[in-house]
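First the structure, in the form of structure tokens, and then the observations on it.
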2 protein chains.
Amino acid sequence: MTRTPGSKKAETHAGIVKTAARALRRSGAAGVAVADVMQQAGLTHGGFYAHFASRDAMLAEAAEQAAGESLASLTRAVERRPHPQTPLQALVQAYLSERHLQTPDRGCLLAAMGTDLQRASPALRQVATAQIRQMLETVRAQLPPGDRAERDAAAVMTLSAMVGAMVIARAVDDDAFAAQVLADTRERLAANAAPP
Amino acid sequence: MTRTPGSKKAETHAGIVKTAARALRRSGAAGVAVADVMQQAGLTHGGFYAHFASRDAMLAEAAEQAAGESLASLTRAVERRPHPQTPLQALVQAYLSERHLQTPDRGCLLAAMGTDLQRASPALRQVATAQIRQMLETVRAQLPPGDRAERDAAAVMTLSAMVGAMVIARAVDDDAFAAQVLADTRERLAANAAPP
DNA sequence: GTCATAATATGATGATCATCATATTTTTGA
DNA sequence: TCAAAAATATGATGATCATCATATTATGAC
């Protein structure tokens with residue numbers, strides 16, 4: 001009835017979701033093929049519907065996994081920041097880094113497939129909405145003090161700029177231009193955060 | 001040999017491109033089907049390859065059309081701004097408007113399918129890169145004076161925030177939240193632009 | 001070790017889609 | 001008006017893909 005102890009199914013399921021979370025960021029929502037994900041997870045396509053009600057359901061789980069991973073990675077970057085850096089600087093630098101630019105499949109879901117969400121299934125959008133709220137909360141927690149509305153607005157603007165800059169940097173076919181977009185946005189966000 | 005005067009082919013071609021420019025923003029790069037575009041343009045699918053070497057080639061032309069349309073619309077908004085508004089305010093308000101939120105197929109290409117570009121054909125990326133440079137130039141032209149590097153950086157940050165905010169606002173499944181994201185970003189960008 | 005059952009694999013099925021070959025219609029120059 | 005050329009339509013073809021039906025294999029209780 002409930003899950004037998006020692007059952008392997010949950011592990012297999014989690015493996016598929018992890019694989020799908022990478023695929024979703026590498027290929028976008030429309031680019032994820034059920035059979036490909038199963039193969040990359042070391043399985044064949046047939047067992048898929050023993051794990052998910054539909055491809056959409058898998059994508060929703062994958063999105064949650066992906067967003068969780070990248071939020072954890074940002075939090076880690078803030079915790080392990082080198083001494084002179086403020087928490088906000090650490091967060092912004094980690095997000096707008098060369099490393100993040102080059103590894104979409106390990107990074108932020110929004111930067112990888114954010115524009116697919118406006119066309120996505122309700123389940124996927126719901127997951128994404130919750131994750132966006134969490135990201136905003138994480139950014140807000142690093143901001144200097146101020147009244148509530150002001151901090152909220154600053155968090156929204158900061159997250160928007162981070163996401164937009166990464167979308168643009170990944171879109172262009174000129175590496176130097178991409179690097180400049182990231183550098184300029186990092187610099188201006190830092191300037192905003194610390195007005196001396 | 002060259003185009004006969006009075007030939008209708010160029011008009012038909014332009015019509016297909018215009019239709020495709022809408023479809024590209026409505027459905028994303030992966031969602032545009034050749035036969036659908038042709039039908040929406042009032043034609044059948046068979047003639048397609050008399051107009052384009054491939055689907056990719058059509059998408060590249062469509063992207064150029066789309067970006068041109070939306071840049072023109074932004075420029076118009078700046079020119080026709082009501083009196084007390086600065087040019088930058090007019091631009092930001094037009095971009096981060098409820099109207100733009102609701103009509104992706106008439107708006108900014110980046111907000112509609114920006115995250116597809118990292119996976120797009122070289123031809124499409126090249127068009128997109130050129131259009132991003134033009135958008136940056138347009139933003140820069142509205143900024144208050146300052147040295148060159150400073151204005152460039154401010155333009156990059158402003159465009160990034162505009163694009164990111166629209167991507168986020170369209171992604172979420174909560175209208176009030178979406179409106180708040182736009183409002184907060186508008187407010188903070190205005191504050192940045194006019195530091196008294 | 002054996003058997004019931006859970007988990008996974010094999011192998012369709014029908015739909016969608018880009019592309020192309022060929023036929024038909026429209027246009028144009030005389 | 002009429003035929004050559006241009007433009008568009010009709011109708012494959014083969015590929016990809018989500019989903020499902022059925023067969024096979026692995027697992028754990030006894």
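Chain letters run A, B, ... following the sequence lines, proteins first, then strands; residues in each count from 1.
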Interatomic distance, A:Q39 CD vs C:dT8 C1' [rounded to whole Å]: 15 Å
Sugar-phosphate, base or nothing in reach of B:A50, heavy atoms under 4.0 Å: base
Spacing between A:E11 atom CD and C:dA6 atom C1', to the nearest angstrom: 15 Å
Contact under 4.0 Å: A:T12 side-chain N or O vs C:dT8 OP1/OP2: yes
Salt bridge present between B:E79 and B:R76 (N-O < 4.0 angstrom): no
Contact list for residues 34-43 of chain B, test side chain to side chain donor-acceptor pair (under 3.5 Å), sequence neighbours left out: none
Sugar-phosphate, base or nothing in reach of A:V32, heavy atoms under 4.0 Å: sugar-phosphate
Sugar-phosphate, base or nothing in reach of A:H13, heavy atoms under 4.0 Å: nothing
Under 3.5 Å between N/O atoms: give me all the protein pairs with nucleotides 19-26 of chain C, atom names plus distance.
| from | atom 1 | to | atom 2 | distance (Å) |
| --- | --- | --- | --- | --- |
| C:dT19 | OP2 | B:Y49 | OH | 2.1 |
| C:dT19 | OP2 | B:R55 | N | 3.0 |
| C:dT19 | O5' | B:Y49 | OH | 2.7 |

Within residues 84-107 of chain B or reaching into it, pairs that qualify as ring-ring contact (aromatic ring centres under 6.0 Å, His included) - sequence neighbours excluded: B:Y95-B:H100
All side chain to side chain contact (heavy atoms under 4.5 Å, CB included) counterparts of A:S27, not counting sequence neighbours: none
Nucleotide C:dA18, atom C1' - distance to CE of B:M58 in whole Å: 10 Å
Pairs involving residues 107-119 of chain A, ordered by first then second residue, that meet side chain to side chain donor-acceptor pair (under 3.5 Å) (sequence neighbours left out): A:T115-B:T115
Closest to the B:T44 side chain, choosing from D:dT10, D:dC17, C:dT8: D:dT10
Test side chain to side chain contact (heavy atoms under 4.5 Å, CB included) applied to A:T44 - qualifying residues, sequence neighbours left out: none
For atom CG of A:L43 and atom C1' of C:dT10, their distance in whole Å: 14 Å
